[in-house]
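Just so we're clear, the structure is a prediction, and the values are computed from it rather than from any experiment. Proteins come first, then strands; the chains are lettered A, B, ... in the order of their sequence lines, and each starts at number 1.
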Amino acid sequence: MLDLKKIRENPDEVLKLLHQRNTDYQLQPILDLDSQQREMQSVRTELQARSNEIGKIIGEKMRQVGANPQREKIQNLKEEGNQVKAKLAQLEPEERELKAKLEALLLELPNLPSETTPMGKNETENIEVRRWGDEFIPDGSHILPHGEIGEKLGIIDSQRAVKVAQSRFVALIGMGAALERALINFMLDRQIEAGYIEVMPPVLINSEALKGTGQLPKFAEESFKCENDDLWLTPTAEVPVTNLYSQEILEGEKLPIYHCAYTPCFRREAGSYGRDMRGLIRLHQFNKVELIKLVRPETSAEEHEKMVNNAEAILQALKLPYRVIELCTGDIGFSAAKCYDLEVWLPSANTYREISSCSNCHDFQARRANIRFKDKGKKGTDYVHTLNGSGLAVGRTMAAILENYQQCDGTIKVPDVLQSYVKTDCIG
RNA sequence: GGAGAGGUGGCCGAGCGGUUGAAGGCGCAGCACUGGAAAUGCUGUUUGGGGGUAACUUCAACGAGGGUUCGAAUCCCUCCCUCUCCGCCA
């Protein structure tokens with residue numbers, strides 16, 4: 001959520017930044033509602049002050065003289081109290097409605113891009129920051145797409161998974177399951193070494209949590225919802241882990257907080273019919289190890305770079321070629337002020353595919369989820385900055401391994417760092 | 001799922017219709033005392049919105065939302081959550 005005060009005081013600047021996202025958001029309705037609301041508030045506040053005053057006077061009189069004498073004066077005051085109350089009863093719902101409308105509009109506004117986010121209208125204007133591991137790019141001529149080789153080796157079974165669920169689900173069998181589990185453990189072990197505290201959060205989460213990180217109200221159709229409860233299947237661990245701290249005032253010295261979390265993630269993938277129908281790239285359920293940070297505002301840019309490095313370290317350890325993309329203003333996500341994507345080399349497609357997305361949300365989520373910090377001895381509070389990044393998407397990492405480590409005989413070499421986890425050096 | 005208890009400030013804990021943003025204690029900060037410290041004493045110590053350059057001022061908040069009342073932390077209703085016992089269960 002954007003700072004209403006900032007919108008009020010610098011509407012032109014805010015609007016300019018919003019438009020960098022290549023959208024046509026309007027601020028005027030918000031500004032109008034805001035000034036109406038504030039006007040109404042000052043009227044209401046005065047009435048309430050009078051009402052409080054009447055209550056006090058009556059209280060005093062009752063105590064001084066008991067209930068008996070001066071009854072008339074008290075009656076008059078009570079009468080006035082009733083009149084004030086009647087006016088308030090009229091004003092209050094109106095003001096509440098204004099506030100609700102204002103809030104609804106504010107919740108629909110995306111974050112402002114960071115001043116360091118490159119300008120651009122869509123993904124074609126993203127910037128490649130660096131590339132790693134060109135020397136590990138295999139000769140692609142013999143390489144089968146990961147889905148195909150996986151089915152062939154009997155470690156991915158999508159046909160049977162469809163019977164149990166529907167399309168865009170897979171079952172991992174035998175070494176497939178083992179490799180997935182190995183990747184999860186490996187990623188967690190590395191990130192814990194890098195200083196992240198592991199969390200196993202709920203994966204069924206309520207609406208408030210989704211609102212806190214920005215998935216609601218705008219993107220309801222992206223998530224699976226339980227019919228009988230206010231619970232949703234988490235689309236990413238970012239949601240439950242960040243919201244662990246909602247409504248809290250953290251002690252300044254407890255920051256930064258680093259968390260990593262393995263969870264399955266669930267996404268409806270509405271609007272992507274027909275895309276990536278084979279393999280592990282786009283599933284309704286996939287595993288991910290997520291990195292989450294809550295930091296002091298002045299350190300968030302630096303913490304963001306470090307987080308990207310932590311994600312890259314996994315790809316480097318696995319010797320998977322990748323590149324780092326800095327998303328432009330037209331392509332960053334709703335909650336992000338700045339975002340880097342990591343894209344891994346997929347030889348069968350002869351292209352890089354997103355395997356991690358690392359966002360700095362500044363105080364956008366912290367405002368929605370109301371996560372603040374306070375320094376001892378200083379007065380007042382400030383919103384933390386929240387960051388999240390995949391470290392990494394496990395299914396896509398598996399896909400990358402099945403392709404980049406595919407050998408001419410159709411077997412898969414197990415990356416060195418995983419061999420102790422799966423207890424073999426070759427699959428197939 | 002059934003029965004009961006409860007949700008108050010950073011924490012513990014009182015208050016159960018009248019000036020209570022909230023006693024008391026702990027913690028924390030400042031000052032005094034001290035050679036220095038402990039102990040002691042004094043003072044201060046929530047958050048959010050509005051107005052004001054500021055000093056300051058005003059409103060709101062005792063799980064959430066309604067209701068009764070001139071006035072609610074206190075009474076009534078609904079919901080949420082926590083705990084205990086029973087049942088069920090990985």
Side-chain angles (χ1 to χ4, degrees), chain A residues 1-9 30-103 105-107 200-212 226 228-232 240 243-255 264 363 366-384:
Chain A
M1 188 142 67
L2 300 182
D3 184 2
L4 181 56
K5 210 176 272 176
K6 186 170 177 181
I7 295 177
R8 183 150 72 217
E9 283 161 12
I30 289 177
L31 292 169
D32 291 345
L33 283 172
D34 177 48
S35 73
Q36 277 179 55
Q37 190 275 122
R38 277 192 303 156
E39 207 171 302
M40 207 170 270
Q41 173 173 343
S42 80
V43 176
R44 192 206 72 221
T45 298
E46 266 174 54
L47 285 171
Q48 280 172 332
R50 178 58 187 159
S51 169
N52 289 343
E53 199 181 355
I54 291 169
K56 271 181 197 170
I57 297 170
I58 293 178
E60 255 168 72
K61 286 204 189 319
M62 301 275 277
R63 199 127 33 78
Q64 274 172 18
V65 297
N68 200 5
Q70 304 216 28
R71 254 202 272 132
E72 210 169 293
K73 274 193 182 160
I74 290 178
Q75 262 328 110
N76 287 343
L77 281 168
K78 283 190 180 182
E79 186 49 42
E80 191 188 343
N82 273 325
Q83 285 168 10
V84 170
K85 197 162 62 162
K87 280 187 208 154
L88 280 171
Q90 204 180 351
L91 269 181
E92 273 170 353
E94 278 182 54
E95 193 189 343
R96 222 175 306 142
E97 199 182 325
L98 277 179
K99 268 196 159 150
K101 275 189 197 162
L102 188 56
E103 160 106 354
L105 288 180
L106 281 173
L107 284 174
M200 277 208 184
V203 297
L204 288 184
I205 54 177
N206 60 36
S207 304
E208 200 52 33
L210 285 154
K211 192 176 106 186
C226 297
N228 295 323
D229 302 279
D230 177 29
L231 290 170
W232 306 63
N243 280 288
L244 242 27
Y245 297 96
S246 68
Q247 311 300 326
E248 290 194 32
I249 299 176
L250 303 164
E251 287 172 37
E253 64 234 51
K254 297 263 170 72
L255 298 177
D363 62 0
R367 282 180 189 281
R368 291 175 157 245
N370 199 18
I371 308 173
R372 293 169 290 169
F373 71 97
K374 178 175 165 53
D375 286 318
K376 256 204 181 115
K378 278 193 204 161
K379 66 173 177 190
T381 60
D382 198 4
Y383 290 102
V384 301

Atom pairs and distances, side-chain donor-acceptor, residues 90-97 of chain A, under 3.5 Å, sequence neighbours left out:
from, atom 1, to, atom 2, distance (Å)
A/E95, OE1, A/R44, NH1, 2.6
A/E95, OE2, A/R44, NH1, 2.8

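Spacing of C1' atoms, B/rU46 relative to B/rA22, comes out at 11 Å, to the nearest Å. Taking atom C1' in both B/rG15 and B/rG25, the straight-line distance is 15 Å, to the nearest Å. Between B/rA14 and B/rC62, the two C1' atoms lie 13 Å apart (nearest whole Å). The separation of B/rG44 from B/rC80, taken at their P atoms, amounts to 43 Å, rounded to a whole angstrom. Nucleotides B/rG66 and B/rU74 are separated by 14 Å at their P atoms, to the nearest Å. Spacing of C1' atoms, B/rG2 relative to B/rC12, comes out at 33 Å, to the nearest Å. A gap of 7 Å separates the P atoms of B/rA73 and B/rA61, to the nearest Å. Between the P atoms of B/rC70 and B/rC11, the separation comes to 36 Å (whole Å).
As rounded to whole Å, 9 Å separates atom P of B/rG48 from atom CG of A/N370. What separates CD of A/E251 from C1' of B/rC11 is a distance of 12 Å, to the nearest Å.
Here A/E39 pairs with nothing under the side chain to side chain contact (heavy atoms under 4.5 Å, CB included) rule; sequence neighbours left out. Under the rule for a salt bridge (charged side-chain N to carboxylate O under 4.0 Å, His left out), the partners of A/E208 that lie at least two apart in sequence or sit in another chain are A/K211. With sequence neighbours left out, A/E80 forms a salt bridge (charged side-chain N to carboxylate O under 4.0 Å, His left out) with A/R50. Legend: residues meeting ring pair (Phe, Tyr, Trp, His ring centres under 6.0 Å) with A/Y245, ordered by chain and number and at least two apart, are A/H259. Contacts of A/S51 classified as side chain to side chain contact (heavy atoms under 4.5 Å, CB included), with partners at least two apart in sequence or in another chain: A/V84. Every side-chain hydrogen bond (donor to acceptor under 3.5 Å, both in side chains) that A/Q247 has, sequence neighbours left out, goes to A/N370. For A/K85, the side chain to side chain contact (heavy atoms under 4.5 Å, CB included) partners two or more places apart in sequence, or in a different chain, are A/N82. The side chain to side chain contact (heavy atoms under 4.5 Å, CB included) search around A/E46 returns none, not counting sequence neighbours.
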N/O-N/O pairs, protein side and nucleotides 74-79 of chain B side, under 3.5 Å:
none

Enumerate the protein-to-nucleotides 17-19 of chain B contacts in which both atoms are nitrogen or oxygen and the separation is below 3.5 Å.
from, atom 1, to, atom 2, distance (Å)
B/rG18, N2, A/G55, O, 2.9
B/rU19, O4, A/R63, NH1, 3.4
B/rU19, O4, A/R63, NH2, 2.6

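Not one side-chain nitrogen or oxygen of A/K99 sits closer than 4.0 Å to the OP1 or OP2 atom of B/rG49.
For the pair A/R8 (side chain) and A/S35 (backbone), a donor-acceptor distance under 3.5 Å is absent.
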Note to self: Does the protein touch nucleotides 51-65 of chain B at the base, only the backbone, or not at all? Give it as B, S and - per nucleotide, heavy atoms under 4.0 Å.
What the structure shows: S------SSS-----
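Nearest-nucleotide assignment on RNA chain B puts the 5′-proximal partner with A/T381, out of A/N82 and A/T381.
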